[in-house]
Amino acid sequence: MILSRLFSSFSPKKAVRSSADSRRLTRWERFKHNKRAFLCLWIFGVIFVASLFAECIANDKPLLVSFAGKLYVPVFQEYSERIFDGEFDIAADYRDPYIKERIEAKGWMLCPPIGFSYDTINYNLPSPAPSPPTGENLLGTDDRGRDVAARVIYGFRISVLFGLSLTIFSSLIGISLGAVQGYYGGRFDLIFQRFIEVWSGMPTLFMLIILSSVVEPNFWWLLGITLLFSWMSLVGVVRAEFLRARNFEYVLAARAMGMRHSRIMFVHILPNAMTSALSYLPFILGGSITTLTSLDFLGFGLPVGSPSLGELLAQGKANLHTPWLGISAFAVLALTLSLLVFIGEGVRDAFDPRRNP
């Protein structure tokens with residue numbers, strides 16, 4: 001019994017698993033040694049997590065209101081102004097001096113750092129819109145009097161969420177099709193490869209513009225249209241790995257043992273193919289953000305009024321005498337894409353087999 005337990009504790013399956021864990025740890029350590037990539041990952045992560053709480057950073061509603069001994073959370077729930085001794089049974093406007101006086105007479109308000117949401121119009125501007133930066137509007141206002149800083153925060157969030165969604169869905173489709181194409185090969189691989197060559201030869205941006213002009217796009221409709229042309233980015237990489245690995249001895253042995261093709265593909269071959277596919281993900285994310293920005297800049301992206309970096313760039317182009325519009329959007333895009341490029345380089349070096357210790 002003692003010998004059997006001793007040998008079972010050193011079984012080959014556990015040894016392989018421990019070596020795989022050490023390989024993953026080594027890759028993470030190699031990524032951390034790339035200080036520029038690791039720092040960029042932290043910066044991007046902090047900015048993105050902060051943007052997820054944009055309503056708590058830039059909003060025209062208070063985070064918390066104490067009135068007559070009761071607490072209210074206007075940022076999450078809409079209240080009538082009669083609750084605060086107002087006259088009308090309508091949603092309270094917390095920027096109205098009348099409502100402010102009523103609340104401050106019996107309580108207090110905790111407001112976010114930026115007192116504007118992405119669609120809040122400032123009617124008390126010192127100059128006609130678009131107005132330059134002031135203490136109240138740190139990055140100025142756009143041509144409709146909306147705060148640029150608030151629109152940048154919300155626009156960054158929706159751009160990154162769109163890019164992440166597009167990256168995840170396109171990667172799932174591309175990896176699955178590349179795996180099937182490379183594993184089976186033969187006539188299926190030949191026909192599907194010709195289809196990809198024809199599909200990739202289409203003018204993607206013009207097709208997106210045409211499809212976006214047919215219907216009124218929203219976030220999910222625009223994501224679906226863009227997904228039609230973005231799934232091909234990982235097909236070639238995964239296909240090459242499966243073509244190389246499908247004739248390996250362990251794959252032939254698994255086939256001889258009668259193992260299902262799906263298990264061979266996604267349990268035994270796919271982990272090796274993911275090594276090269278993962279290094280492309282940050283670059284795909286950057287390309288997805290650029291695609292949404294381009295469509296918004298041309299006026300075929302998100303609905304009118306949505307916070308968008310591309311729409312802000314278009315306003316900067318139309319108002320060259322107000323450089324803060326174009327500079328704000330350009331600075332956010334340049335910082336985001338630079339961080340993603342440096343992160344992608346770090347991931348690529350960490351998964352490079354020539355750098356294995």
Side-chain heavy atoms under 4.5 angstrom apart, residues restricted to Ile, Leu, Val, Met, Phe, Trp, Tyr: same cluster for [X] and [Y]?
X    : Y    : value
L190 : W199 : no
L110 : I114 : no
I47  : V148 : yes
W231 : F169 : yes

Residue [X] excluded, over 12 heavy atoms near [atom1] under 6.0 Å:
X    : atom1 : answer
E197 : CD    : yes
F330 : CZ    : no
W108 : CH2   : yes
Y98  : OH    : yes
Y280 : OH    : no
R194 : CZ    : yes
F195 : CZ    : yes
R260 : CZ    : no

Would you mind telling me which of T141, N137, D147 makes a side-chain hydrogen bond (donor to acceptor under 3.5 Å, both in side chains) with N122? N137

Are any non-hydrogen side-chain atoms of [X] and [Y] less than 4.5 angstrom apart?
X    : Y    : value
L325 : T322 : yes
L227 : L223 : no
F229 : T291 : no
T336 : I289 : yes
M109 : F67  : no
L166 : S230 : yes

Could you tell me whether a side-chain N or O of [X] sits under 3.5 Å from a main-chain N or O of [Y], the two making a donor and an acceptor?
X    : Y    : value
S308 : E311 : yes
E81  : D93  : no
R246 : Y184 : yes
S176 : I173 : no
S338 : A334 : yes
Y154 : A58  : yes
R239 : Q181 : no
Y79  : V73  : yes
R36  : I343 : no
N218 : W221 : yes

Among K106, K100, R102, find the one that has a salt bridge (charged side-chain N to carboxylate O under 4.0 Å, His left out) with D85. K106

Residue pair Y183 / H261, side-chain donor-acceptor N/O under 3.5 Å: yes

